[in-house]
Amino acid sequence: MTFAELANPGILTQPVYEPGKPIETVARELGLDPAGIIKLASNENPRGPSPRGLAAAQRALAEAHLYPDGGYYALRQKLAARLGLGLEQFVIGDGSNELLELLGHAFLSPGKECVMHRSAFVVYKLVTLMFGATPVEVPLGPGLRQDLPALLAAVTPRTRLVFLASPANPTGVASSAEEISALVRALPPHVILVMDEAYAEYLENPPDLRPLIAEGRKVVCLRTFSKIYGLAALRIGYGYAAAELIAIVQRARQPFNVNAIAAAAATAALDDEEFVADCRRENFAGLAQLAAGFQALGLEFVPGHGNFQLVKVGDGLAVFDALQRRGVITRPVKGYGLPEWLRVTVGTPAQNTRLLAELAAAVSR
Ligand SMILES: *Cc1c(COP(=O)(O)O)cnc(C)c1O
């Protein structure tokens, strides 16, 4: 018998996530000097890690011989105080991606359905398929805007989870608080909204779903330390919801699913309010810089609300390739059904200038 014949059903057809290429890989493959390469492919923070988070991580390394506090008490305590919720309303994940998977463990099985937008963050579909459930994809509206009434209309008696991000990735579009709460209030009682807030800190006024949680609506919010806190390498995020939902998700995780270095860094990073405010302000400037640059090049773009922009370049893969040869790594989104577009992370002002110059050269060929 082959290993393939021994494998569980579904695992051989499970799609594989394609991450942004690391600088070292591109340098090796193309024979370029890594020092001259910039990566604007994975929505990483161009400012680097939160300084408080970094210092705490360095301190925590001295205790690397000890198991983490598997209850992540200090972090949950601080989150509870910050958000005005109970400690038992938080679960910590190995990145918010793990929390998506834990929700699958908790609520998905063959025969169930998950509703999501077409061109939504691909992990929603991967998790759905991983648990043998069926993804139901709803088209985006004009301008790649999200269509929340269409998500609602796609709900059936088999639906368990509806996945929604705002700002969404890779489109960068945001949905209003009114639209989101109208959706949550209209969902039938057998459906949970998974609200992915990975980029919420980049908004001036992120929608606040805590009142919906308080009135017993079925919604779970996911946040990450990978984006504005600049801790993507450490892999840590959190979910908050009704205590009853969180207790179920806690059962699905490993006892020490998040390492102690990440937990210490995240706990300290929550105090880095000035850093977060600076990153948000610089990101607004970066979004404007890219938008002005795209306009000058006559390129259509979707005004982004996260830390990235989606720009229409013609043949996305060809322009991605040309940019990469010029030492600028971006993200093609053909796999999202958007073959004419590229996703570009907001970099430092100098990186944005470099991207725009290389893009001008790449699209004029
Ligand atoms: C980056 C991102 C996340 C966060 O992933 P982590 O596992 O926390 O690094 C979640 N959702 C979306 C839509 C993202 O783009």
Side-chain angles (χ1 to χ4, degrees), residues 17-20 22 39-46 49-50 53 72 75 79 90-104 114 116-128 130 135 137 140 144 146 151 161-175 180 193-203 206-207 220-240 249 253-254 257-259 261-263 265-266 269-270 279 283 302 304-310 330-333 335-336 338 341 343-346:
Y17 181 78
E18 279 185 40
K39 183 183 175 202
L40 302 175
S42 300
N43 300 343
E44 292 149 338
N45 191 329
S50 139
Y72 305 104
L75 178 54
L79 286 167
F90 291 89
V91 58
I92 310 302
D94 194 39
S96 55
N97 274 302
E98 190 202 18
L99 295 167
L100 291 166
E101 185 180 338
L102 295 179
L103 287 164
C114 295
M116 63 199 77
H117 275 118
R118 199 170 289 159
S119 310
F121 186 47
V122 70
V123 175
Y124 311 150
K125 196 197 293 183
L126 299 188
V127 164
T128 304
M130 175 94 70
E137 293 184 274
L140 291 169
L144 303 182
Q146 313 206 82
L151 292 177
L161 303 179
V162 174
F163 291 104
L164 179 66
S166 183
N169 175 15
T171 58
V173 298
S175 297
I180 296 168
L193 179 74
V194 180
M195 189 67 224
D196 186 341
E197 302 181 327
Y199 302 98
E201 294 92 349
Y202 288 104
L203 298 172
V220 52
C221 300
L222 305 182
R223 294 225 176 180
T224 180
F225 289 94
S226 297
K227 304 288 159 56
I228 209 162
Y229 290 100
L231 301 175
L234 295 183
R235 315 301 309 124
I236 182 162
Y238 61 97
Y240 57 102
V249 176
R253 71 175 178 90
Q254 294 287 321
N257 60 323
V258 173
N259 73 76
I261 317 303
L270 285 173
C279 290
N283 185 64
V302 180
H305 294 273
N307 63 340
F308 55 92
Q309 297 272 34
L310 194 64
T330 58
R331 185 72 75 96
V333 284
Y336 284 91
L338 302 167
W341 300 79
R343 195 193 67 191
V344 179
T345 304
V346 173

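Index from 1, following the sequence. Atoms within each ligand, like the ligands themselves, are counted from 1 in listed order. Nothing here was measured: the structure is a model prediction, and the numbers come from that model.
At least one heavy atom of Tyr199 sits closer than 4.0 Å to an atom of ligand 1. In this structure, Arg235 is part of the shell of residues with a heavy atom less than 4.0 angstrom from ligand 1. At a 4.0 Å cut-off, at least one heavy atom of Asp196 sits close enough to ligand 1 to count as contact.
At least one N or O atom of Lys227, backbone or side chain, sits closer than 3.5 Å to an N or O atom of ligand 1. Residue contacts with ligand 1: Asn169 is placed with a nitrogen or oxygen under 3.5 Å of a nitrogen or oxygen of the ligand (distance criterion only). In terms of polar-atom proximity, Asn97 is counted as a contact of ligand 1, with an N or O under 3.5 Å from an N or O of the ligand.
Taking the ring centroids of Tyr336 and Phe121, they lie at or beyond the 6.0 Å cut-off.
Taking every heavy atom of Thr224 and a limit of under 4.0 angstrom, the matching atoms of ligand 1 come to 4 (C), 6 (P), 8 (O), 9 (O). Per-residue contacts place Gly95 under 4.0 angstrom from the following atoms of ligand 1 (heavy atoms of the residue considered): 6 (P), 7 (O), 8 (O). Each of the following atoms of ligand 1 lies closer than 4.0 Å to a heavy atom of Ala198: 2 (C), 3 (C), 10 (C), 11 (N), 12 (C), 14 (C).
Between the CG atom in Leu151 and the CG atom in Leu193 there is a gap of 8.5 Å [rounded to 0.5 Å]. To the nearest 0.5 Å, atom CG of residue Leu270 and atom OH of residue Tyr229 are 5.0 Å apart.
Ser226 OG, 2.6 Å is the protein heavy atom nearest to atom 9 (O) of ligand 1. When only non-hydrogen protein atoms are considered, atom 4 (C) of ligand 1 lies nearest to Ser96 OG, 3.1 Å.
Between the side chains of Glu137 and Tyr124, no donor-acceptor pair is found at a separation under 3.5 Å.
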- request: Determine, stepwise, if the pair Asn169 / Arg343 fulfils side-chain hydrogen bond (donor to acceptor under 3.5 Å, both in side chains).
  value: CA-CA 9 Å; Asn169 175 15; Arg343 195 193 67 191; 2.7 Å; yes
message: Before you tell me yes or no, could you show the steps for Tyr72 and Tyr238 under ring-ring contact (aromatic ring centres under 6.0 Å, His included), namely the whole-Å CA-CA distance, both residues' side-chain angles and the distance that decides it to 0.1 Å?
response: CA-CA 11 Å; Tyr72 305 104; Tyr238 61 97; over 10 Å; no
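Across Val123, Leu222, Thr128, a single residue satisfies side-chain contact (heavy atoms from CB on, under 4.5 Å) together with Phe163, and that is Thr128.
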